[in-house]
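Because the structure is predicted, anything quoted here is derived from the model rather than measured. Below, each value reflects all heavy atoms present in this structure, side chains not excepted, and no hydrogens, waters or symmetry copies.
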Amino acid sequence: RDQSGLWMAGYGSGLIHYDFSAKAFSVHRHRQEDPSSLSSNLAYQVYVDRTDNLWIGTWGGGLNKLSKNAMQFQTINSRNSLDGDFVTSIVNESPQSAIVSTYQGGIYRFRSLNDGDFEVKKLPGSQDFDVNFVRSVFPGKIHIWVGLNGGGVVFKKSGSETAPWRYLRQVIGHSNSIDYQLVESV
């Protein structure tokens with residue numbers, strides 16, 4: 001949600017916006033001939049940052065940024081900054097940064113810069129998980145927690161580039177372990 005209305009990811013139908021004042025829907029879709037359109041109609045995640053820019057995670061088209069000042073999508077994908085084009089989550093980390101996770105491409109920190117641009121940094125080691133399908137991320141005050149599709153949970157100390165990733169996973173025959181390996185949300 002932003003000041004103009006409600007934004008929704010329509011898996012297969014693109015990005016949907018409901019304008020509260022006009023009481024009307026509009027839909028943004030991928031157009032093959034237009035590189036400034038949404039990169040994929042398989043919109044999966046929507047995130048509004050502190051400056052009202054809209055970030056859209058897609059399944060197969062990477063990440064899209066829609067600036068509040070222009071109706072053009074900027075695509076961040078495997079051709080320019082990401083190692084994977086399947087965005088599984090976008091979560092707020094701080095007023096200046098968000099964490100973006102991908103299927104088979106690792107986890108990234110997007111930090112806003114003063115000029116309205118942003119920098120992208122991959123979290124070290126995030127592409128080396130035993131199961132490289134990140135379902136969800138929770139950036140806590142002490143640790144970053146990551147739910148994996150079939151690999152349990154991994155975590156590391158927040159803000160540390162060198163801290164190792166640690167696993168919480170199912171151990172057969174051990175009653176004090178995760179009962180199921182697929183973790184949808186943390």
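Heavy-atom neighbours of Gln32 CD from other residues, nucleotides or ligands within 6.0 Å: at or below the threshold of 12.
Separation of atoms CG (Asn53) and CG (Leu66) is listed at 8.0 Å; rounding is to 0.5 Å. Interatomic distance, CG of Asp19 versus NE2 of His17, reported as 5.5 Å (0.5 Å rounding). Between atom CD of residue Gln104 and atom CZ of residue Phe133 there is a gap of 8.5 Å, rounded to the nearest 0.5 Å. Rounding to the nearest 0.5 Å gives a distance of 7.5 Å between CD1 of Ile90 and CD1 of Ile56. Atoms OH and NZ, on Tyr108 and Lys121 in that order, are 14.0 Å from each other to the nearest 0.5 Å. Taken from OH in Tyr103 to CZ in Phe86, the straight-line distance is 7.5 Å, to the nearest 0.5 Å.
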*asked:* Run Val137 and Ile144 through side chain to side chain contact (heavy atoms under 4.5 Å, CB included) and show every step you take.
replied: CA-CA 7 Å; Val137 177; Ile144 294 176; 3.9 Å; yes
* To do: Verify side chain to side chain donor-acceptor pair (under 3.5 Å) between Ser89 and Ser101, making sure each step is shown before the conclusion.
  => CA-CA 5 Å; Ser89 71; Ser101 63; 2.6 Å; yes
Go through Ser97 and Arg109 one step at a time and tell me if the side chain to side chain contact (heavy atoms under 4.5 Å, CB included) criterion holds.
-> CA-CA 7 Å; Ser97 66; Arg109 177 176 287 120; 4.2 Å; yes
task: Show your reasoning for whether side chain to side chain contact (heavy atoms under 4.5 Å, CB included) applies to Gln96 and Phe118.
output: CA-CA 9 Å; Gln96 292 81 30; Phe118 57 91; over 6 Å; no
Apply side chain to side chain contact (heavy atoms under 4.5 Å, CB included) to the pair Leu63 and Phe110, showing each step before the final yes or no. CA-CA 11 Å; Leu63 184 66; Phe110 282 72; 3.4 Å; yes
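Val146 is not listed as a side-chain neighbour of Ser136, based on a closest heavy-atom distance of 4.5 Å or more. Under the 4.5 Å side-chain criterion, counting only non-hydrogen atoms from C-beta, Val100 is in contact with Val87.
Thr88 places a side-chain N or O within 3.5 Å of a backbone atom of Val134 that can act as its donor or acceptor partner. The backbone N or O of Leu82 sits nowhere less than 3.5 Å from a side-chain atom of Ser78 that would complete a donor-acceptor pair. At distances below 3.5 Å, at least one donor-acceptor pair connects side-chain atoms of Lys122 with backbone N or O atoms of Gly105. Using modelled atom types, one side-chain atom of Ser37 and one backbone atom of Asp34 make a donor-acceptor pair closer than 3.5 Å. Of the possible polar contacts, one joining the Ser158 side chain to the Gly140 backbone as a donor-acceptor pair under 3.5 Å is found.
Residues that satisfy the side-chain hydrogen bond (donor to acceptor under 3.5 Å, both in side chains) test with Lys156, not counting sequence neighbours, are absent from this structure. Residues passing the side-chain hydrogen bond (donor to acceptor under 3.5 Å, both in side chains) test with Tyr47 are Asn92, sequence neighbours excluded. Take Arg29 and apply the salt bridge (charged side-chain N to carboxylate O under 4.0 Å, His left out) test, not counting sequence neighbours, and it matches no residue.
Using cut-offs of 30° and 60° for the angle between ring planes, the Tyr18 and Phe25 rings count as tilted.
Residues Leu38 and Phe73 approach most closely at N-CD1, 3.4 Å, considering heavy atoms. Summarising the geometry of Ser39 relative to Thr58, their closest heavy-atom pair is OG-OG1, 3.8 Å, with the distance given to 0.1 Å. Shown here for Tyr44 and Trp59, the closest heavy-atom pair between the two residues is CB-N, 4.4 Å. Nearest heavy atom pair, residue Gly10 against residue Ile16, reads CA-CD1, 4.1 Å. Taking each heavy atom of Ala9 and Gln45 in turn, the nearest pair found is CB-N, 3.9 Å.
Here the rule is side chain to side chain contact (heavy atoms under 4.5 Å, CB included) with Leu15, and of Val46, Asn41, Val27 only Val46 fits it. Here the options are Ser67, Pro35, Ser36, the test is side chain to side chain contact (heavy atoms under 4.5 Å, CB included), and the partner is Gln72; only Ser36 passes.
For the 3.5 Å distance criterion, the side chains of Thr75 and Asn77 fail to qualify, holding no donor opposite an acceptor. A donor-acceptor pair shorter than 3.5 Å cannot be found between the side chains of Asn64 and Trp55.
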